[in-house]
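This report concerns only the one structure given below.
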Protein chains: 2
Amino acid sequence: MAMFNPAHPGEILKELIIESLGLTITDVASHLGVSRKTLSKILNTHGSITPEMAVRLELAFGKPTADHWLRMQNAFDLWQTRQQKASFQVSPYNVQMA
Amino acid sequence: MAMFNPAHPGEILKELIIESLGLTITDVASHLGVSRKTLSKILNTHGSITPEMAVRLELAFGKPTADHWLRMQNAFDLWQTRQQKASFQVSPYNVQMA
DNA sequence: CCTTTATGGATAAAACTTTTAATCATGGGA
DNA sequence: TCCCATGATTAAAAGTTTTATCCATAAAGG
């Protein structure tokens with residue numbers, strides 16, 4: 001389990017790629033073939049990197065790879081999910097086994 | 001990029017856990033707190049391991065960890081997405097940069 | 001100043017996904 | 001034969017993702 005709240009991949013995308021290369025969100029969105037809104041939401045942590053978006057990013061920028069983008073999204077999602085795990089208590093299965 | 005079509009995590013779950021421990025799908029579903037339908041679909045590769053399901057599996061069985069389940073799902077999804085990448089052509093961004 | 005451009009927010013709509021429930025047919029054991 | 005587990009079907013509810021349009025704001029350049 002990750003120890004600390006992992007960064008949303010949108011923050012990485014924004015800082016590491018868009019800002020550091022001096023690109024505009026509008027331009028990158030149209031280059032990726034998605035709406036400005038979709039990209040904007042991801043960058044502001046209100047949207048997720050889907051498998052398709054991960055492949056689009058890889059095709060456009062090379063690195064991080066699609067796999068890497070999805071791992072970042074996973075780490076983020078998992079953290080969020082674990083925080084609310086009280087809402088779906090599941091006990092170890094071992095207990096019931098012979 | 002993975003070289004070969006990765007297994008759907010549902011197959012792993014079915015073979016490695018449910019079958020090898022001699023559990024029934026009905027029983028595991030109710031233990032996990034999801035419907036039999038939901039689990040059945042995953043086991044037959046018609047459903048996905050969501051972050052919440054990954055945590056449920058980890059809480060019930062310990063290993064594989066939630067992170068591991070999500071990686072398996074990622075590998076599968078990514079493969080599927082790459083197969084249809086013709087449907088969303090994206091060119092390298094380098095070309096347009098100064 | 002004034003104009004253009006980039007951006008995030010709000011709103012609404014469409015498409016898709018996930019989950020559930022109920023029901024049915026099949027096939028294996030006891 | 002009877003019961004149980006299973007996958008399939010159908011239908012419904014809930015949630016997510018993406019898009020489009022419009023607006024307010026702010027920054028950049030003339």
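Please read these numbers as outputs of a predicted model, since none were measured by experiment. Chain letters run A, B, ... following the sequence lines, proteins first and then strands; every chain starts at 1. The basis for the numbers below is simple: all heavy atoms, side chains too, and nothing from hydrogens, waters or symmetry mates.
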How long is the line joining [atom1] of [X] and [atom2] of [N], in whole Å?
X       : N      : atom1 : atom2 : value
B:Glu19 : D:dA5  : CD    : P     : 16 Å
A:Lys37 : D:dT21 : NZ    : P     : 14 Å
B:Leu32 : C:dT20 : CG    : C1'   : 16 Å
A:Lys41 : D:dA20 : NZ    : C1'   : 13 Å
A:Leu13 : C:dT7  : CG    : P     : 12 Å
B:Ile25 : D:dG7  : CD1   : C1'   : 9 Å

Would you say A:His8 and A:Gln73 make side-chain contact, with heavy atoms under 4.5 Å?
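Answer yes - side chains close enough.
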Any side-chain heavy atom of B:Ser30 within less than 4.5 Å of one from B:Arg36?
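SC-SC contact between B:Ser30 and B:Arg36 ruled out.
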Any chance you could measure B:Glu52, atom CD, to A:Leu78, atom CG, to the nearest 0.5 Å?
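B:Glu52 atom CD to A:Leu78 atom CG measures 11.5 Å (nearest 0.5 Å).
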Approximate separation, where rounding is to 0.5 Å, of A:Ile12 CD1 and A:Phe76 CZ:
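Answer rounded to 0.5 Å: 11.5 Å.
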When hydrophobic residues are tied together by side-chain contacts of less than 4.5 Å, even through go-betweens, does B:Val28 share a cluster with B:Leu13?
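Yes; tracing contacts between hydrophobic side chains, which count when under 4.5 Å, links both residues.
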Donor-acceptor pairs are to be reported for all side-chain atoms of residues 38-49 of chain A against protein atoms at under 3.5 Å, with residues two or more places apart or in another chain.
unit_1	atom_1	unit_2	atom_2	d
A:Thr38	OG1	A:Ser35	OG	2.9
A:Asn44	ND2	A:Ser40	O	2.8
A:His46	NE2	A:Asn44	O	3.4

Does a nitrogen or oxygen in the side chain of B:Thr26 sit under 4.0 Å from OP1 or OP2 of D:dA5?
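Answer no for this pair, as no side-chain N or O of B:Thr26 is under 4.0 Å from OP1 or OP2.
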Is B:Thr38 close enough to C:dT20 that one of its side-chain N or O atoms is under 4.0 Å from OP1 or OP2 there?
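Yes, within the criterion.
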Can you work out whether B:Leu39 or A:Ser40 has the more 5'-proximal nearest nucleotide on DNA chain C?
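Per heavy-atom nearest nucleotide, the more 5' residue is A:Ser40.
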A:Arg36 or A:Gly33, whichever maps to the more 5' nucleotide of DNA chain D
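Nearest nucleotide further toward 5': that of A:Gly33.
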Name every residue in residues 42-53 of chain B that has at least one heavy atom under 4.0 Å from any atom of DNA chain D, in order of residue number, or write none if there are no such residues.
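Heavy-atom contacts with DNA chain D come from B:Asn44.
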